[in-house]
Amino acid sequence: MPPVESHELRRGKYSKIDAPAEDETDTPSRLSFDSNASSYEDLDEFDPLNYDAGTLKQKRSTGDLRARRKASFKDAELGAKSPKRRRCAPTKMCCGLVLLFVAATVLLLSAGGIWAWRSAPEDGQSPPFYPTPKGGSDAKWVESYKKAAELVKQMTLVEKVNITTGTGWSMQMCVGNTGPVPRLKFPALCLQDGPLGIRFADNITAFPAGITVGATWNKELMYRRGKAHGKEARLKGIHILLGPAMGPLGRMPAGGRNWEGFGTDPVLQGVAAAQTIKGIQDEGVMATAKHYVLNEQEHFRQAWEWGTPNAISSNIDDRTTHEIYAWPFAESVRAGVASIMCSYNQVNNSYACQNSKLLNGILKDELGFQGFVQSDWLAQRSGVASALAGLDMTMPGDGLKWADGESLWGPALTKAVLNGSVPIERLNDMVTRVVAAWYQLGQDNTERWPLQPPDGDGGPNFSSWTHEEIGLLHPGSDDKTTGVVNKFINVQGEGNDFHGQIVRQVAAEGTVLLKNDDHILPLDRNGWTQDEKQGKDMKYRVGIFGEDARVNADGMNACPDRGCNMGTLASGWGSGAVDNPYLIEPVSAIREAFNNESVYVTDWLKNVLPNERKELLEDQDICIVFANADAGEGYIKWGGVYGDRNDLYLQKNGDKLIRDVAKDCGAGKGKVIVVIHTVGPVVLEKWIDLPNIKAVLFANLPGQESGNSLVDILFGDVNPSGHLPYTIAKKEDDYGPGSKIMYLPKNLVPQQNFTEGLYIDYRYFDKNNIAPRYEFGFGLSYTVFHLSSIIVTPHVNKSPLPAPRRSGVKPPTYPTEIPDPKSALFPPDFRKLSKYIYPYISSTDDIGKHEDQTLLIQSPLSQAGGAQGGNPDLYTTVLTVSASVTNIGLVDGDAVVQLYVSFPQDYKDEETGKPVDFPIRVLRGFEKVHVEAQKQGLVPGVNGGGNKQLVKFELTRKDLSYWDVRRQNWVMPTTGEFTISVGFSSRDLPLQDKW
Ligand code: BGC
Ligand code: BGC
């Protein structure tokens, strides 16, 4: 069997050869499209009939089917090469040199191939799943699919293609724009980043980042933030919001984009994603669950971006995929998400956007996804293969290189349908999925979504490309037409609906109190507490230290896409950042909060203390010191950080600053409060145990209300209720070998093996008995909560498998004749803009005939499927768990009650008798409840004192099952006992019961 990597090498070569060159008149510019051998990698590598699901390993078959397929691929490869050879004919010398070059290249590449073959990782090969399950099989989408089919039936081939393909980078107002069908009043769709606000737009809200939202553990707040975000999108004319992000999930704590998502646990990510999606979509805007999947680091995420000809491959086993990384996507689909973005990386050596197992198999069959799959920007790496593997929309439309205007779809897709290499049924399904999603969200309502010009003034009312009112309409092309592009619509909400209030609440609730010795917090606005004040007639002195306490001196939006760590950190960088409309700086907010009659505030807003630092520090009663750690998307590099962090320490000398402040604050007697803004976990060991460091606040990434939300916590207006959405280790190595970013490729196709499987973050610490500094789920409060009375109520008996898959409704069908190629030609006298992507072809001369290879395959449907999110029986409530939480402290507060499940110990699979390994415990539910403090005069246990709330959890069949690779289904252990634990963190679990 040819090694997988040798295909990758071929593909690298082919993509170069095939990259369409304008001047090669004898090579049809899109020949590569229907003859690119690499396009068929999935087919070529795997035999579905012999797929051993357990290990994702492939056995070879010599069956007829395979032989037939093999033969035709060979032909296809030759087809692609021959025109090139012909061009050398004129001189023998040229041919000789070229042959030598080719021979040398082949040798080099095959040497790489041999190397790769010898080291092919166990999970380095992705199985096939064909054909693409059609959208329209779920009862909840029936009406939308009916309407969509009516419309799509009237569309011509080019009109259909127009909907699937972006018009090219910066060709219209948004970061992604599809082509419209004006004849049928189907609009050009606007796709805009991103997960924490509206990118490249004015008068919008800079919400707290996903990681801060995760740290709130507040479902209602997650929903409200999503809703406000969705409303802003709608009012700006955005159809499809490019968020929420739930991948990266956080396998590697230094991962550059972890902060865009909600934390390193599939259940936390899944709940937060679903709540966000419901919020966004309740405003009629399509949400996008991204990045599907396993794009866990920035280095090598994309071909060429990091110098390697191919993107990194995340090599992973089937069970871990299901139980960890695909889980939040399943929750997103269950929440009805309209779109999913496939990621840049490869998974098991097949690009995520052409990986049929991931798209056709898991997403569309098993999870019953009814919306459309869009590519991340340039994550599409092939034309036919991606279409057959289940991609529905290519973004931003360009081809293999940024803004090249040479789409892998557009005219090439038109041609591929005409010559039969992409069945017209597949194209119909792509378009129907997009149009159905549009109906599903009610975007056909012209009151809410006015028609676009020339019929109305709908569409995006802002430009991603200029802040001016008048600007170019197609800035990516040679067209100089201008018009009003920015209408400066204020979408931030007003009065009670002012979105800044949600920002402030999320940021405050997402601030985690890690340490609070001697109850130093909350502070008093008057400085001294009554006791401390005794006999002192001077002002209370507060020193504020560190650059992170102030706004960047060059301006809050000085670096494009927030691509630098300057001043206070309110978000990470990249496409997931926005322009702040304003940014409340911590130092000003704190100054304002103190009573200046009795408090004197000094500040030093740099990370290097002055020479007279002793004088500055020794006068303080308390010192508040700020430090941070930043990261972001890999296309921006700042301060030696290439997207992913280089280590887990504070940046810009933060650790030293904290130590120095602690040393001299109040001549060693001052009390120190540390505030940290960060994209993820930070190692605190250089100072955390210093005795005068009394309090530590992890404020994550707060967004525009930074200072205000911090003040809310510092002074106790809001009782801290944030809990860590990840583990803080004592040292980076404690996260385990799998947690390390691959900074250097060892290989032409960097191979990253997820050998730790299920054991990431707290699961790894628990398994290996490593003491973290602060565990996953940890967070303090100004009050004390007590848990009691766990009750576990089963609703059904244990049984291994969910009910058999139900058949869904019937997707729409269409006539399958291939239209006359002439109907796809550019209309006469058509004015083409340079690099703008049209669906038309220029000539019908080279339309050949091809056979779609995937028509020969029908992969078996999954028993785990049957509705959005999977087999509905997986979501049957199996157990109800309740417990009481009592506030035994002095102030009201919000308790985050967490439920963890431990699967039966020493369990053996009932069919095979083989032991199944389980993490010590896994998070399966959480609730945030407000509990008032006990009222005066009441004594707990005597006359009812101590305020109590009941917390309830529902555990589903899926929560109590593992993914069995052999049965390809979720299996519930029926022997042994589950342990259900309830508590306040992954290591503080006072209540337990068995089932
Ligand atoms: C990012 C996506 C983003 C897209 C559009 C990509 O590079 O990975 O998250 O939505 O660009 O800006
Ligand atoms: C764009 C981003 C995109 C990135 C991809 C940037 O130039 O602004 O939207 O995510 O390139 O590499």
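In this chain, residues are counted from 1 in sequence order. Order of listing sets the numbers, starting from 1, for every ligand and every atom in it.
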Can you sort out which atoms of ligand 1 are near [X], meaning under 4.0 Å from one of its heavy atoms?
X	result
Tyr344	6 (C), 7 (O), 8 (O)
Arg199	12 (O)
Trp377	4 (C), 5 (C), 11 (O)
Leu242	10 (O)
Met341	10 (O)
Arg257	1 (C), 2 (C), 8 (O), 9 (O)

### Task
Mind checking whether Glu305 contacts ligand 1 via backbone (N, CA, C, O), side chain (CB onward), both or neither, at a 4.0 Å heavy-atom cut-off?
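The answer is neither; Glu305 stays 4.0 Å or more away.
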### Query
Heavy atom under 4.0 Å from ligand 1: found in Lys290's side chain, backbone, both, or neither?
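Side chain only.
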Contact between [X] and ligand 1, counting heavy atoms under 4.0 Å?
X	answer
Arg301	yes
Tyr635	no
Glu633	yes

Identify whether the distance between the nearest side-chain nitrogen and carboxylate oxygen of [X] and [Y] falls below 4.0 Å.
X	Y	result
Asp202	Lys236	yes
Lys364	Asp392	yes
Arg251	Glu296	no

### Message
Using side-chain heavy atoms (C-beta onward) and a distance below 4.5 Å, is Pro187 in contact with Pro180?
### Response
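No. Closest side-chain heavy atoms not under 4.5 Å.
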### Message
I want to confirm something. Looking only at heavy atoms, which of Leu191, Asn295, Asp193, Asp376 is nearest to atom 5 (C) of ligand 1?
### Response
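Shortest heavy-atom distance from atom 5 (C) of ligand 1: Asp193.
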### Query
Phe262: what forms a ring-ring contact (aromatic ring centres under 6.0 Å, His included) with it, not counting sequence neighbours?
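Applying ring-ring contact (aromatic ring centres under 6.0 Å, His included) to Phe262 gives none.
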### Message
Just to verify, what does Lys637 make a salt bridge (Lys or Arg N to Asp or Glu O under 4.0 Å) with, not counting sequence neighbours?
### Response
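By the salt bridge (Lys or Arg N to Asp or Glu O under 4.0 Å) rule, Lys637 matches no residue at all.
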### Parallel, tilted or perpendicular, as decided by the 30° and 60° cut-offs, for the rings of Phe754 and Tyr325
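Perpendicular: the ring planes of Tyr325 and Phe754 meet at over 60°.
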### Task
Classify the ring geometry between Trp573 and Trp638 as parallel (under 30°), tilted (30 to 60°) or perpendicular (over 60°).
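The rings of Trp573 and Trp638 stand perpendicular, inter-plane angle above 60°.
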